[in-house]
Amino acid sequence: MPLQIIRNDITKMKVDAIVNAANNSLLGGGGVDGAIHRAAGKELLAECRTLGGCDTGKAKITRGYGLDAKYVIHTVGPIYEDGKQGEHELLESCYRESLALAKEYKCESVAFPLISAGVYGYPKAQAFRVAVDTVTEFLLENDMLVYIVLFGKEAFMVSEKLFADITEYIDDRYVERHTDKKLEKIRKCAVLGSVAKRANIESAICEASSAPEDLSSRLSQIDESFSQMLLRKIDERGITDSECYKRANIDRKLFSKIRKDVNYKPSKPTVIAFAIALKLTLAETEEMLKKAGFALSHSNKFDIIIEYFISKGIFDIFEINEVLFAFDQSLLGA
Ligand code: APR
């Protein structure tokens, strides 16, 4: 998953570079700036003194010293006034300039805090959206693992309306699993039934194997696999492989494994990430899941949230991940 949104203290991140939300002097401060300088040690300040400051929207790089990260990329976000002083463009520039530096220094992984979303007063939801959109745009053309690190109790900034909508959708569908005795018994019979059924299937297969032509003709009717359906849908949508896996927020290596192995068994979030990237209908999504051995279930909030977005025709994987994160569910593309 090239873009991961996680909750952590950025100074603890084991990545090639962490980004610091600094000020123009680059001589340290409070917030994440203070935390990074404390964790890196005095040598970081000594190197910062040699940089001659940094303009807003720009970025400069130093070593990481006492941090696990090899580098610290210092960028200066805009102080938010009213949103009409070019704050959006300057904030975008912080992410672009930092990513360009990370690429220049051959970083394979980089972690960002929410720049300007603290002391500099940028509204968190908007700051988060700028971060996700700018990083996503970069990842469409570049291979890098990028973390957006939310701190402490910072949650996802899901709009109130969307959050209420989905909560209602879940309540209407979420099937609480009741484990009373009666159901327990029914389930046990079901299991026994399936054991018996399996025994019948096994005896059917060993009968069938006595007539090889029957078995081989049955095997020749094996359905299209998940991997075959995925590649077929990519062709039908007229998009390239990389457009598909980038939209699905799936890394290139995983995609090439799926392409090479016609019987590859993906995880359920991976199947759904591709269904979103290909903008499949609910029926097509369920078909693709079935080919990978899964189904959408109403006893699983993750599935209900996915069903909500697909049935509404909303295929923005990061908007969906924001909601999944807000409901403490695993993220797509994982
Ligand atoms: N790890 C990850 N994120 C953190 C951490 C941490 N250890 N500490 C704070 N944050 C988050 C904040 O919650 C906020 O969402 O980083 C985001 C940016 O907040 P600030 O650090 O206040 O940075 P910013 O809003 O860009 O203001 C920069 O503050 O610290 C001074 O010297 C700095 O003058 C500059 C100004």
Side-chain angles (χ1 to χ4, degrees), residues 3-42 44-49 51-62 64-83 85-99 101-102 109-135 145-158 318 322 325-326:
L3 171 55
Q4 306 234 5
I5 296 119
I6 61 168
R7 202 190 303 281
N8 199 350
D9 172 346
I10 201 165
T11 62
K12 307 266 186 290
M13 295 293 291
K14 293 183 173 37
V15 288
D16 291 338
I18 62 171
V19 177
N20 179 23
N23 56 51
N24 297 109
S25 73
L26 293 187
L27 299 181
V32 72
D33 196 3
I36 288 173
H37 274 273
R38 280 192 299 279
K42 292 197 290 300
L44 177 62
L45 182 58
E47 185 176 353
C48 284
R49 286 192 199 288
L51 298 177
C54 179
D55 291 339
T56 302
K58 298 293 181 201
K60 292 193 175 178
I61 194 165
T62 66
Y65 300 105
L67 290 159
D68 288 322
K70 200 168 157 196
Y71 300 109
V72 178
I73 294 172
H74 307 264
T75 191
V76 182
I79 297 174
Y80 190 86
E81 290 177 41
D82 56 9
Q85 313 305 320
E87 296 99 321
H88 185 279
E89 292 68 28
L90 282 168
L91 188 56
E92 278 183 332
S93 173
C94 286
Y95 288 95
R96 283 203 190 102
E97 296 279 321
S98 302
L99 288 164
L101 261 180
S109 55
V110 64
F112 283 93
L114 277 185
I115 295 159
S116 285
V119 166
Y120 280 3
Y122 211 109
K124 283 196 188 286
Q126 294 170 44
F128 178 70
R129 192 79 254 181
V130 170
V132 170
D133 291 349
T134 318
V135 170
L145 176 54
V146 181
Y147 293 93
I148 295 177
V149 182
L150 302 181
F151 187 59
K153 61 185 185 329
E154 273 172 352
F156 253 71
M157 287 48 81
V158 175
F318 294 102
E322 286 172 35
F325 190 97

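Every heavy atom of this structure was used, including side-chain atoms; hydrogens, water molecules and symmetry mates were not. Ligands are counted one by one from 1 in listed order, and the atoms in each one are counted from 1 as well.
- Remark: side-chain polar atoms of S98 are paired, donor with acceptor, to backbone N or O of C94 under 3.5 angstrom.
- Within the set Y122, Y120, Y80, the minimum heavy-atom distance to atom 36 (C) of ligand 1 is found for Y120.
- Distances from ligand 1 to the non-hydrogen atoms of T11 include no value under 4.0 Å.
- The closest approach between any non-hydrogen atom of S116 and ligand 1 is below 4.0 Å.
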What do the steps show when you test H74 against T62 for side-chain contact (heavy atoms from CB on, under 4.5 Å), and what is the final call? CA-CA 8 Å; H74 307 264; T62 66; 3.0 Å; yes
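- At least one side-chain heavy atom of L145 sits under 4.5 Å from a side-chain heavy atom of Y147.
- Within the structure, the closest approach of G34 to ligand 1 does not fall below 4.0 Å when heavy atoms are considered.
- One N or O on the side chain of Y95 and one on the backbone of I115 form a donor-acceptor pair closer than 3.5 Å.
- Close contacts between ligand 1 and G31 involve ligand atoms 21 (O), 30 (O) [criterion: under 4.0 Å to a heavy atom].
- Some N or O of G118 is nearer than 3.5 Å to an N or O of ligand 1, by distance alone.
- Comparing V32, L26, V119 by heavy-atom distance to atom 29 (O) of ligand 1, the nearest is V119.
- Close approach to A117 involves these atoms of ligand 1, each under 4.0 Å from a residue heavy atom: 15 (O), 25 (O).
- The structure places CZ of R129 at 13.5 Å from CG of L91, a figure rounded to the nearest 0.5 Å.
- Near A21, the atoms of ligand 1 lying under 4.0 angstrom from a non-hydrogen atom of the residue are 23 (O), 26 (O), 28 (C), 33 (C).
- Backbone and side-chain nitrogen or oxygen atoms of G30 are examined, and one is located within less than 3.5 angstrom of a nitrogen or oxygen of ligand 1.
- The closest donor-acceptor contact from the side chain of E87 to the backbone of E81 lies under 3.5 Å.
- In terms of modelled atom types and a separation under 3.5 Å, the side chain of T134 and the main chain of E92 share no donor-acceptor contact.
- When the heavy atoms of I115, D33, D9 are ranked by distance to atom 33 (C) of ligand 1, first place goes to D33.
- Counting only residues at least two apart or in different chains, salt bridge (charged side-chain N to carboxylate O under 4.0 Å, His left out) contacts with residues 15-38 are absent.
- Shown in contact with K124 at under 4.0 Å from a heavy atom are these atoms of ligand 1, numbered in order with element: 13 (O), 14 (C), 15 (O).
- Across I10, I18, I148, heavy-atom proximity to atom 2 (C) of ligand 1 is greatest for I10.
- Here OH of Y71 is found 6.0 Å from CD1 of I61. Values are rounded to the nearest 0.5 Å.
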